[in-house]
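Values below: all heavy atoms of this structure, side chains included; hydrogens, waters and symmetry mates excluded. Letters A, B, ... are given to chains in the order of the sequence lines, protein chains preceding strands, and every chain is numbered from 1.
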Amino acid sequence: MSELKILTKRAGLPDSVKIDTYLANDGYKALTKALKEMTPAQVRDEVLKSKLRGRGGAGFATGMKWDFASKNTTKPKFIVCNADEGEPGTFKDRVILKFDPHALLEGMAIAAFAVDADHGYIYIRGEYPEEAQILMDAVKEAEERGYLGKNILGSDLSFTITVHRGAGAYVCGEETALIESLEGSRGQSRIRPPFPVNSGYRKLPTVVNNVESLSCVPHIVLNGGAWFAGIGNPECPGPKLFSISGAVEKPGVYELPMGVPLRELIETAGGMKDGKDFKAAFPGGASSACMDASEIDTGLDFNSLAAIGTMLGSGAVMILDETADMVKAAYVLTRFFDHESCGKCTPCREGLTWVKQVMAGILEGKGTEEDLDLLLDICEQIQGASFCGLGDASVNCVTSTIRKFRGEYLNYINKEPRVRAASGEKS
Amino acid sequence: MKVNLTIDGRQVAVDAQATVLEAAKTIGIEIPTFCYHPRLEVFGGCRMCLVEVEGWRKLETACTCKVSEGMIVHTDTPKVQAGRKAMLEFLLVNHPLDCPVCDRSGACDLQDLVFKYGSAETRFKGQKRVLPDRVVSPLIDRNVNRCIQCKRCVRACDEIQGVAALGMAHRGAKTVVVPFMDKTLDCEFCGHCIYVCPVGCVTPMPARHVARTWEMEKTPSVCSYCSNGCRLEYNSRDEKVLKVSHLEGPGVNNASLCSKGFFGYDAINHPDRITTPLIRKNGQLTESSWEEALETVAEKLGQFSGGQAGGIASPRMTNEDLYLFQKFFRTALKSNNVDTTSGNWARKVLPVLDERLGVFASPNSVGELSGAGAILIVGCDITVSAPITGLKIKEALRKGARVTEINPARSPLKRLGTRSLLVSPGQELAVVKGMIRVILDEELVDLSAVRSWEGFGDLEKTVREKDLDDIAGMTGVDREAIRQAARDFAGAPKASILFGEIAALQPGGEKLIHALLDLLFVTGKAGREGSGIHPVYSPANYQGAVDMGAGPSWLPGRVDKKALEKAWGTSLPEEAGLDALRMIQAASEGKLKALYLVGVDPFSSIPGSSEVQEALEKLEFLVVQDLFMTEAARNADVVLPAAGMAEREGTLTSSERRVQKISKAVRESGESRADWKIFTGLAAALKASGMDFSSPKDILGEISRVVPSYAGLGDVDLGNGGVQWPAPGTERLCGDGAPGGKERFGAVAEWSTMEKGSQYPLSLILGELLFHSGSLSRYSENLNKIVSSACLLLNPQTAAEFKIPDESTVRIYSANGSVKVQARHSEDLVPGVLFLPRHFENVRASDLMVPGPGTESMTAVVKVRVERIEE
């Protein structure tokens with residue numbers, strides 16, 4: 001399949017962040033159409049028809065989320081854009097934030113119209129100071145031209161956006177921890193239910209959407225939900241921004257249809273670096289179970305990857321070649337989760353400390369085969385009892401590498417540090 | 001609406017909002033928890049309460065899981081057991097095995113649950129995280145490595161106490177609970193963090209490593225510091241109280257305590273306790289035996305019977321002590337000269353309540369306040385005067401109650417969102433009348449029921465004399481604020497009024513109380529749950545003192561003379577008795593010859609220090625019965641050592657009429673004796689009859705027969721929350737609306753209750769601190785670690801006017817005398833008003849308080865001027 005130029009259409013243009021460039025390239029046409037020709041219910045309907053699923057990684061049907069929010073009449077209501085982009089291996093939202101910020105703003109304004117929201121927040125990770133400034137400038141431009149602010153384009157919709165910078169916590173990408181942080185509190189997840197659509201920012205109805213999801217919305221409004229649903233895998237369709245990194249010739253962000261096979265994505269990114277053999281991939285960032293060479297033809301979408309026991313997440317594809325050390329990779333990712341655990345719940349906070357230490361022991365050559373069973377047991381208890389998705393997902397790198405690359409672990413345990421071939425065969 | 005579910009094969013029906021944890025509890029199934037606490041919002045972090053729900057893939061935490069119709073829950077399957085075992089194993093990854101050196105050992109939730117559900121060995125062979133240890137407070141110890149991050153301490157400090165002095169810093173396994181800004185702990189030292197900590201992380205520092213939990217004897221009792229009457233547990237070993245622990249169950253406080261109750265127990269352990277009786281021989285107080293001392297006192301007092309002897313007692317004494325005190329004077333010494341230092345307040349406040357409501361005590365209960373939708377607090381910092389009542393108000397605030405304070409200073413309640421109408425003492429009346437005016441003008445309530453009451457027309461007329469602009473001009477309070485306060489109060493279905501010392505003990509205090517009652521009746525908020533009026537006064541047993549007749553003008557139970565003579569089988573003195581102030585005056589004039597002070601130092605509590613000095617010198621006989629050598633004791637002819645809290649038995653009556661048993665945890669210090677026992681000993685030495693009692697229970701038996709409101713109390717268990725008199729337990733003394741025959745309004749004509757003085761232009765509040773109580777607490781080393789000396793607080797504006805820089809030394813002058821203290825600025829005080837705590841030795845209250853007609857003793861507000869001194 002060839003690359004798409006829907007979401008990334010304007011990204012390469014000179015002065016792409018400027019509103020005049022945006023306007024000259026279909027910018028704010030969708031918002032105008034929605035406000036002047038459609039009802040909120042019609043907008044929501046198109047989004048439902050599009051079958052757009054949350055691009056942040058959870059994959060919840062955006063149309064359904066907006067429907068729930070519209071049913072709750074408590075005011076004020078909020079649109080919160082999750083621009084925390086914290087998953088290791090993902091950097092696709094940055095393309096929109098950095099090169100096409102107005103697309104996000106327009107998407108948020110349409111969302112506000114669709115659910116009757118009063119104010120918007122963009123929670124952007126602290127590590128993106130440039131992008132935060134770009135967004136703030138874009139909001140100012142939009143307000144000056146009347147695309148944000150009071151009575152937008154003469155309609156009843158009064159809506160503007162505040163850019164709020166995070167402070168470097170992965171857990172604040174989880175929507176309720178994000179909301180806590182937005183409120184000025186410690187970034188720890190909340191009990192759900194209630195969900196943000198009913199009790200979110202300041203315990204008021206809040207729609208939390210990912211950057212990419214919101215940037216799809218203007219296209220859906222302009223071209224119709226059915227058009228969107230016709231792109232890629234019909235079960236979970238649409239254009240998708242894939243971040244691909246690791247052992248490929250040209251790592252970067254590529255826009256392809258949902259469901260593109262992994263093999264094809266690698267080819268689009270210039271193929272394996274230095275012609276090395278493919279060994280493994282983490283298709284959904286650090287949180288996903290790894291895929292091995294036998295699975296390289298699997299389509300990259302929510303359903304297909306779930307079917308093989310892993311996940312698409314945000315589409316943060318990390319490629320490892322024959323020289324990669326799978327045990328070390330799992331250790332590095334575990335260290336990340338241990339560092340980022342918020343500390344609220346016992347299994348994640350204490351369990352990851354333990355897993356990290358056992359993994360370190362294995363890497364130092366002090367591990368035993370019982371340690372592998374121990375790791376799987378600990379991971380099962382972490383996954384079964386964690387408070388939020390961080391804990392749940394944190395163990396996938398360990399369990400999947402033990403499952404698929406047990407030989408490499410045994411090498412360490414039997415003190416043979418040779419790295420096995422890409423197929424993960426036992427020594 | 002009820003929801004039906006099945007837990008472990010048993011059917012249970014609960015409210016739709018209940019959680020599985022709560023539902024299980026109703027049928028006696030205890031699911032293990034750490035982070036859950038019934039008084040805190042659900043946290044869901046410890047993951048200990050995992051249960052299996054049929055049809056759900058993963059285990060679910062029972063504390064977060066709301067019930068649903070037809071749900072089938074299993075709390076003890078192999079999967080659940082494995083989960084619990086795993087959570088405990090996880091906690092022991094970083095939690096150090098400190099049991100051999102941990103104060104919590106033997107009373108630790110983690111220990112208990114590991115024994116019950118965990119494994120004997122851990123598979124963890126790595127490195128435990130070690131956080132740097134730090135002393136954050138001299139009273140509250142945090143052993144940070146033992147923390148299991150349940151966050152209960154942080155939540156309790158925020159959700160119960162409303163202080164939020166603690167927070168969590170850092171992340172993951174490095175998470176540590178730190179005081180605000182990582183500085184020294186600056187909080188109210190209520191001890192809730194210690195109460196809720198499930199392990200040995202947060203512990204009381206004074207009790208660090210003094211004894212193992214199982215070595216200490218636990219004695220449930222009631223705190224003797226203030227009139228909230230909180231239940232607590234003394235922990236003692238070898239006849240010494242080592243610490244206090246929280247006691248759940250019925251009563252007013254539900255385990256909560258304040259700094260005094262929790263840390264102030266050590267006052268009785270102070271080395272300066274008087275250990276033996278002392279008799280002045282050759283000008284020197286010398287140790288003597290009880291026999292000799294009692295004989296000496298009896299002989300001397302006996303000479304001055306018939307009105308020449310008088311006694312002033314402390315409102316900290318038990319009902320039994322106070323009953324015998326007044327009986328001793330009335331029967332053995334034929335004198336009505338008995339009073340307590342709380343008598344003045346009682347004489348001012350209670351007759352007004354009697355006149356308007358037919359009650360001689362607080363008509364409502366403290367717990368009701370948490371359900372009130374509007375609360376008006378006048379002349380009172382409730383968080384200081386009655387901290388547990390303050391907690392109920394904080395609860396109400398969290399539920400959205402509208403609280404208005406008419407006070408000379410902003411109280412800590414401001415943190416939780418109250419409306420502060422700051423006024424100088426004396427101006428409250430104008431604000432209250434303004435509120436009534438708004439209610440009448442805007443017809444905020446249905447007045448049809450009260451229009452026909454006597455005085456309604458007068459009320460209308462007087463409140464309409466001034467409009468809100470006038471009142472705003474007089475008081476400095478914003479008119480919109482008065483309007484909103486009126487709307488809030490009238491608009492809430494349940495609304496309550498509290499008034500404190502500052503309101504009551506002004507020269508015209510009764511008028512203010514009448515006006516508050518008018519407000520109550522006009523809005524129809526008397527005598528229902530959550531609606532009513534609460535007089536707030538902090539001395540522990542002020543109500544008991546009234547009930548026991550420890551005052552010159554009231555007999556026990558306020559029965560008439562004939563009835564008491566019949567009950568006691570003796571005749572009673574005819575001549576009216578003198579109150580405390582007049583006893584001192586009479587002594588200074590040579591008319592009162594003998595004075596018996598029980599737990600009272602007149603220099604702390606009677607105005608006119610020079611008069612007090614003269615009185616003590618002129619007396620022919622002065623006997624002082626106390627725990628410590630007070631200034632008065634140093635002047636005494638005989639000093640008798642008295643037993644202190646935790647060393648005595650008897651009952652105390654709290655502000656909400658709750659008669660509760662206090663128990664003896666340790667032996668009396670040295671040769672000290674319980675007050676009641678000393679009185680019976682004196683009576684025996686005087687060969688007086690009717691004073692032969694062998695125990696407090698004995699005395700209570702007679703009380704229950706003599707005092708009508710205490711009927712039946714001699715036969716019931718008064719532990720476990722006691723009984724709110726009258727038996728079998730009365731939450732509210734009067735029903736809806738005004739009692740029959742009292743349908744009238746006070747219609748107070750005045751607009752102010754204090755005169756403005758030009759020579760003494762400022763109002764000084766001789767007030768209380770949260771951390772101290774009277775002068776007893778100054779002997780608590782623990783409480784002194786929080787604050788141990790008095791400094792004057794004044795508004796920066798006033799300070800500028802009188803040229804007083806922050807932290808400078810000043811002299812305060814009243815019409816009676818002067819006192820030297822350090823001055824500090826405070827934005828929370830209204831200009832023109834000063835605040836000085838009266839607990840400490842460096843301030844002698846009697847130097848400032850002004851005696852004389854119109855200004856009664858123990859006035860809370862004194863007119864003063866202040867000057868800076870160069871040091």
Heavy-atom distances under 4.5 Å only: say whether A:Q188 touches chain B with side chain, backbone, both or neither. side chain
Could you tell me which portion of B:A169 (side chain, backbone, both or neither) has an atom closer than 4.5 angstrom to a non-hydrogen atom of chain A? backbone
Does atom NZ (B:K414) have a neighbourhood of more than 12 heavy atoms from anything else shown, all under 6.0 Å? yes
Under 4.5 Å heavy-atom distance to chain A, tell me which part of B:L91 shows up: side chain, backbone, both or neither. both
Atom OG1 of A:T346 and atom CG of B:L88: how far apart are they, to the nearest 0.5 Å? 9.0 Å
Exam field: side chain B:R129 to backbone A:T353, donor-acceptor pair closer than 3.5 Å: no
Checking A:A360 against chain B: side chain, backbone, both or neither under 4.5 Å from a heavy atom? neither
Exam field: side chain A:R186 to backbone B:M168, donor-acceptor pair closer than 3.5 Å: yes
Please check if atom CD in A:E235 has more than 12 non-hydrogen atoms from other residues, nucleotides or ligands closer than 6.0 Å. no
Carefully, step by step, assess A:K344 and B:K151 under the rule side-chain contact (heavy atoms from CB on, under 4.5 Å). CA-CA 8 Å; A:K344 173 165 180 167; B:K151 212 177 181 181; over 6 Å; no
Against chain A, label B:F34 side chain, backbone, both or neither, depending on which of its atoms sit under 4.5 Å from a heavy atom there. neither
Residue selection (most heavy-atom pairs with chain A, distance under 4.5 Å) from B:K125, B:K174, B:R123, B:M87: B:R123
Please look at B:H170 and chain A and tell me whether the side chain, the backbone, both or neither of the residue comes under 4.5 angstrom of a heavy atom of that chain. backbone
Engaged part of A:S386 at the chain B interface, taking heavy atoms whose separation is under 4.5 Å: backbone
Do you know which of B:H95, B:K66, B:E89 has the most heavy-atom pairs with chain A at a distance under 4.5 angstrom? B:E89
With a 6.0 Å cut-off (strictly less than), is the heavy-atom count around OH of B:Y117, excluding the residue itself, greater than 12? yes
Can you tell me how far apart SG (B:C63) and CD1 (A:I191) are? Round to the nearest 0.5 Å. 6.0 Å
Between B:R47 (side chain only) and A:A385 (backbone N and O only), is there a donor and an acceptor less than 3.5 Å apart? yes
Between B:F90 and A:I378, is the side-chain contact (heavy atoms from CB on, under 4.5 Å) condition met? List the steps. CA-CA 9 Å; B:F90 283 147; A:I378 297 170; 3.6 Å; yes
Between A:L352 and chain B, which part of the residue has a heavy atom less than 4.5 Å away: side chain, backbone, both or neither? neither
So which part of B:E60 gets closer than 4.5 Å to some heavy atom of chain A, the side chain, the backbone, both or neither? neither
salt_bridge(A:D392, B:K58) N-O dist < 4.0 Å: yes
Taking all atoms of both residues into account, what is the closest heavy-atom pair of A:E350 and B:N94, and its distance? OE1-ND2, 2.6 Å
What one should report as the nearest heavy-atom pair of A:F387 and B:F43 is CE1-O, 3.8 Å
If I take atom CD from residue A:Q381 and atom CZ from residue B:R84, how far apart are they, to the nearest 0.5 angstrom? 12.5 Å
Restricting to non-hydrogen atoms, name the atom on B:Q149 and the atom on A:G343 that form the minimum distance, rounded to 0.1 Å. CB-O, 4.0 Å
